[in-house]
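Computed from a predicted model, the values in this text were never measured in an experiment. Excluded from the calculations below are hydrogen atoms, water molecules and symmetry mates; all remaining heavy atoms, backbone and side chain alike, are included.
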Amino acid sequence: LLSAIILSTFDRPLRKRLWGVFFGFLLIFIANPLRIATVLTVGNYTNWVWADFTHDFLFRLMLLIIIFVYYFIWYVKYDNISGLFRRLKK
């Protein structure tokens, strides 16, 4: 979903879109072990019904929020960040 949204943003150059997809996947791969550890912790300290609820509902919601916030930062703030890097190189 994240890669489809970023790659379909045609007002950004392809190179910036590919970097956006790369860093988006990196963010999701970092968040995934946290998700697994949280589900296992909830399962061990409560019961596995709550762990199932945490996995099925809360983390799908969290994933959508991560995707939305990442895309917003990438799309809206990216020009400001790249302009900052250009100014620092001078």
Side-chain angles (χ1 to χ4, degrees):
L1 181 64
L2 179 62
S3 61
I5 293 170
I6 291 175
L7 291 175
S8 65
T9 307
F10 293 114
D11 63 340
R12 300 287 190 248
L14 180 61
R15 184 175 178 177
K16 289 183 181 182
R17 288 184 277 159
L18 292 176
W19 278 111
V21 169
F22 173 75
F23 286 117
F25 279 137
L26 190 64
L27 176 67
I28 290 172
F29 284 132
I30 290 170
N32 197 40
L34 296 173
R35 177 187 66 88
I36 294 169
T38 304
V39 169
L40 291 175
T41 302
V42 169
N44 284 332
Y45 287 106
T46 60
N47 59 28
W48 291 103
V49 174
W50 280 107
D52 191 43
F53 173 76
T54 303
H55 179 266
D56 289 343
F57 180 72
L58 295 180
F59 283 111
R60 289 181 189 188
L61 180 64
M62 183 192 76
L63 184 62
L64 289 174
I65 290 170
I66 288 172
I67 289 171
F68 176 75
V69 169
Y70 177 79
Y71 181 76
F72 176 79
I73 291 170
W74 175 80
Y75 185 80
V76 173
K77 301 292 182 181
Y78 189 78
D79 287 334
N80 297 335
I81 293 171
S82 62
L84 174 67
F85 285 133
R86 274 186 252 130
R87 278 183 256 141
L88 289 175
K89 285 182 181 179
K90 291 182 181 179

Flag side-chain contact, heavy atom, 4.5 Å: Asp11 against Tyr75 =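 They are in side-chain contact.
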Are any non-hydrogen side-chain atoms of Ile66 and Leu2 less than 4.5 angstrom apart?
->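 Sidechains of Leu2 and Ile66: no contact.
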Step-by-step side chain to side chain contact (heavy atoms under 4.5 Å, CB included) determination, Arg60 to Asp56 = CA-CA 6 Å; Arg60 289 181 189 188; Asp56 289 343; 4.2 Å; yes
Check for me, please, whether [X] and [Y] land in the same ILVMFWY cluster - side-chain distances under 4.5 Å, paths through other members count.
X     : Y     : answer
Leu34 : Ile65 : no
Leu64 : Val39 : yes
Ile28 : Phe72 : yes
Phe10 : Val21 : no

Point-to-point distance, once rounded to the nearest 0.5 Å, from [atom1] of [X] to [atom2] of [Y]:
X     : Y     : atom1 : atom2 : answer
Phe68 : Leu1  : CZ    : CG    : 12.5 Å
Ile6  : Tyr70 : CD1   : OH    : 5.0 Å
Asp52 : Asn47 : CG    : CG    : 10.0 Å

Exam field: side chain Arg17 to backbone Leu7, donor-acceptor pair closer than 3.5 Å |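 Yes; judged by distance alone, with no hydrogens or angles, the pair exists.
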How is the hydrophobic cluster of Val42 composed, in terms of its other members, when Ile, Leu, Val, Met, Phe, Trp and Tyr link through side-chain heavy atoms under 4.5 Å apart, directly or indirectly?
->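 Besides Val42, the cluster holds Trp50, Phe53, Phe57, Leu58.
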Pair listing, side chain to side chain donor-acceptor pair (under 3.5 Å) test, anchored in residues 23-33, at least two apart |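 Side chain to side chain donor-acceptor pair (under 3.5 Å) check on residues 23-33 returns Asn32-Arg35.
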Got a sec, which pairs hit ring pair (Phe, Tyr, Trp, His ring centres under 6.0 Å) with one end in residues 20-46, sequence neighbours left out?
->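 Sorted pair list: Trp19-Phe22, Trp19-Phe23.
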